[in-house]
Amino acid sequence: MDILKVLSRGTKKSAKSSLSGGSAVGKLPSSGTKTNPQLYHDEVRGHKRKRDVEEPENKIPEVLPEVDFFAPKDVSESKPAKAESKKSKRAASPVVEAAKLLSADECRQLLRSHRLKVTLLYKREEQHKVKKSKKKKAVVEVKKDKKPQLAPQPLESFGQLRSTYNLSRRVAENLSYQGYKIPTEVQMGSMPLLIRPDVALSEEQGLENGVDLLAVAPTGSGKTISFLVPTINNIMRRRAQDKLHGIHELEAIVIVPTRELAYQIVNVGNQLVKGTGLKVVGMRKGMILAAESQDIVDILITTPLLLLNFLTSGSANTQKVLPTVRNLILDEADVLLDPLFREQTLGIWTACSNPDLGLSFWSATMGSNIETLVTERLASRAESLSIPQRPLVRLVVGLKDTAVPNIVHRLIYTASEQGKLLALRQLLRPTSSIDSGPPLRPPFLVFTQTIDRATALQEELKYDIPLEAGGSSRIAALHSGLPDAARAAIMRKFRAGEIWVLITTDVLARGVDFAGVNGVLNYDVPGSSAAYVHRAGRTGRAGREGGIAVTFYTKEDIPFVKTVANVIAESEKQAGKTGDEAGVQKWLLDALPNVGKEDRKKLKERGVESRRSGNKAMITSKSGYERRKEHNRKGAIEGSKKRKMEVDDGEGDAKGKGDGEWGGFDD
Ligand SMILES: Nc1ncnc2c1ncn2[C@@H]1O[C@H](COP(=O)(O)OP(=O)(O)OP(=O)(O)O)[C@@H](O)[C@H]1O
């Protein structure tokens with residue numbers, strides 16, 4: 001028997017330390033209400049800041065889908081009741097609290113208790129340290145230990161946005177209407193800094209005109225409103241100051257890696273701009289971004305290629321510029337600046353020629369290479385436009401970015417691909433649970449490595465849900481090979497609770513917000529630790545606990561699975577889980593081989609090689625013997641046909657199946 005099989009069996013936890021404790025179902029992330037979206041409340045100098053979960057006034061009104069596997073297929077039953085239906089047409093203006101600033105020491109304590117670290121990466125006075133590198137690029141030389149920590153005023157309540165930071169009344173009302181009560185850590189740290197840096201950092205000189213920001217905060221921690229609210233407010237404030245009432249001008253661009261995320265942000269933006277007159281629009285093919293155009297846009301949400309295609313269309317060798325854009329936001333910045341999208345993203349960045357351009361970069365994961373790239377690009381942009389460079393601030397929530405601390409993680413070994421299919425089927429059964437915890441309940445997101453595997457898995461599983469519970473309509477596959485309309489329809493049905501098992505590729509790994517997902521099932525191992533973090537982060541959003549991420553692995557994955565195991569170990573360390581509570585025991589970590597740099601690179605770019613083509617890439621419940629038999633039978637029939645027809649086209653019948661496509665991201 002394989003030793004790793006034995007080891008991973010040994011990671012099973014006791015019922016006591018399981019997901020649920022007593023009221024199992026109540027701990028699932030899609031059930032019950034979530035009262036506090038914050039992740040960290042550490043004790044600071046003997047004073048514990050409690051999670052105020054019991055305080056009724058902090059309760060966020062929320063009704064999420066209660067999904068029953070065997071319920072009759074009555075969509076209305078499983079649809080989440082719209083939170084809005086509980087609310088009045090327009091929220092009352094949020095309570096305006098008296099403006100009160102904390103002392104620097106109080107700020108530091110509060111930031112520390114929420115594991116918020118704010119660092120000044122670049123400031124203008126340090127320009128004497130700018131020197132030319134060998135490549136003649138301007139680089140900012142700020143020694144690691146010299147980067148000063150900042151202690152901006154933390155946002156303790158959304159009411160303070162009005163009272164202290166003078167947020168537009170309309171935007172404050174719209175925010176209140178969403179039911180948000182307590183700011184998450186990233187909102188706490190970034191919103192004051194982006195809305196009124198002069199107030200947030202009143203003691204720091206040279207930051208009052210705004211900063212560029214690199215923000216690294218966990219998945220589902222509310223980064224979207226962290227950048228949308230300041231962006232909307234800044235546009236409104238500037239237009240009010242310049243008495244530019246009723247005009248529309250493209251002032252802000254949000255770049256995201258996928259269409260699903262773009263649509264989602266357009267929706268959130270539209271909620272926030274109600275009654276302000278601003279237009280938040282998703283980029284479409286054929287759209288014209290010009291003052292005289294019919295397309296009215298103030299804030300544009302786009303994937304990189306769509307916008308770049310517009311910028312480079314028309315006369316050859318000339319790229320259009322976007323001089324009115326004063327705010328460029330890269331959401332999922334690490335992937336947008338990864339070689340996959342880098343040229344496209346930088347093309348847009350270059351087109352934003354306004355000297356007052358403010359930039360912000362957001363993700364749950366940000367390698368040091370991305371930080372270096374951003375720092376260098378900002379410096380060279382300032383140099384080429386002969387403008388002073390804006391200060392650059394880094395904000396990090398949590399101790400390490402390679403962690404999803406508030407969910408349960410499990411690694412499951414199976415000896416073969418077939419065994420994996422069997423194990424997945426088992427998990428999807430309504431009575432199954434992990435470690436004798438509560439029954440796992442849909443909705444589930446299942447990740448595969450390629451489009452082919454996503455569709456094959458859907459085929460395999462489509463009759464697993466009983467007809468009386470909706471049958472095959474409860475399972476769908478979403479990937480970048482589908483037309484836009486089909487993708488949008490599947491997203492809508494999954495959100496509405498009509499689809500229970502959504503099989504997908506990494507196209508849905510980033511940014512997409514399904515509040516009710518109970519389980520992320522990595523049918524195929526993710527290609528990197530960042531990919532694991534983002535996939536797993538589709539559950540346990542807004543601080544919800546009880547989500548579960550299960551990763552299956554077979555022999556083929558053993559050389560790569562340590563990247564995942566390390567993230568799990570880090571997540572559990574951050575969550576304070578040790579010993580029996582931990583999903584990955586130390587001895588399993590020690591037994592797994594380290595992943596070499598070359599292998600890591602290959603895995604990130606192509607996934608597990610054996611799953612791209614050939615027998616191992618197939619998903620089927622038929623045994624190897626049955627498959628070989630079928631293959632031989634088909635071969636014999638083909639051969640006999642050929643012989644009969646006496647035709648030989650020179651190719652024979654051994655034409656292999658094409659290389660499996662990596663279905664990660666799209667335009
Ligand atoms: N202060 C808050 N209180 C409660 N819920 C919130 C708060 N802020 C945001 N949310 C909710 O949290 C969910 C996650 O937010 P969002 O999608 O912005 O996360 P994110 O940090 O961008 O995640 P990812 O890294 O996965 O993209 C959303 O459903 C949002 O409505």
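Ligands are counted one by one from 1 in listed order, and the atoms in each one are counted from 1 as well. The chain is numbered in sequence order, starting from 1. From a predicted model like this one, the values you see are computed outputs, not experimental measurements. Quick note: numbers below take in every heavy atom, side chains included, and nothing from hydrogens, waters or symmetry partners.
Of all the atoms in ligand 1, the ones that sit under 4.0 Å from a non-hydrogen atom of S221 are 19 (O), 20 (P), 21 (O). Set against the non-hydrogen atoms of P37, the atoms of ligand 1 under 4.0 Å away are 1 (N), 2 (C), 3 (N), 4 (C). Close approach of ligand 1 to T224 is summarised as follows: ligand atoms under 4.0 Å from at least one heavy atom of the residue are 16 (P), 17 (O), 18 (O), 22 (O).
Every N/O-N/O distance between F158 and ligand 1 stays at or above 3.5 Å. Checking only distances, Y180 does come within under 3.5 Å of ligand 1, N or O to N or O. Polar contact with ligand 1: present for I182 (N/O pair, distance under 3.5 Å). For ligand 1, one of its N or O atoms has an N or O atom of G220 under 3.5 Å away. When only interatomic distances are considered, the shortest N/O to N/O separation between T219 and ligand 1 does not fall below 3.5 Å. Annotation: Q187 places an N or O atom under 3.5 Å from an N or O atom of ligand 1; distance criterion only.
Of the heavy atoms in K223, both backbone and side-chain atoms come closer than 4.0 Å to ligand 1.
Note on ligand 1: E332 sits in its first shell, one or more heavy atoms being nearer than 4.0 Å. At a 4.0 Å cut-off, at least one heavy atom of P218 sits close enough to ligand 1 to count as contact. Ligand 1 lies within reach of R538, whose nearest heavy atom is under 4.0 Å from it.
Salt-bridge formation is not detected for the pair R115/E185: no Lys NZ or Arg NE/NH1/NH2 atom is positioned less than 4.0 Å from an Asp or Glu carboxylate oxygen. Salt-bridge check for R541 with D513: passed, with a basic side-chain N closer than 4.0 Å to an acidic carboxylate O.
At distances below 3.5 Å, not a single donor-acceptor pair connects side-chain atoms of T119 with backbone N or O atoms of L121. T345 places a side-chain N or O within donor-acceptor distance of the main-chain N or O of L336, the cut-off being under 3.5 Å.
For the atom pair CG (L328) and CD1 (I255), the distance works out to 4.5 Å, reported to the nearest 0.5 Å.
Inspection of the R535 and N522 side chains reveals an N or O donor paired with an N or O acceptor under 3.5 Å. Judged by distance alone, the side chains of D484 and Y263 do bring a donor and an acceptor atom under 3.5 Å apart. Checked by atom type, the side-chain pair E570/Q574 shows a donor-acceptor distance below 3.5 Å.
Between F494 and F514, the ring planes are perpendicular. Angles over 60° get that label, and only those under 30° would be called parallel.
Looking at P183, S226, G222, it is G222 that brings a heavy atom closest to atom 19 (O) of ligand 1.
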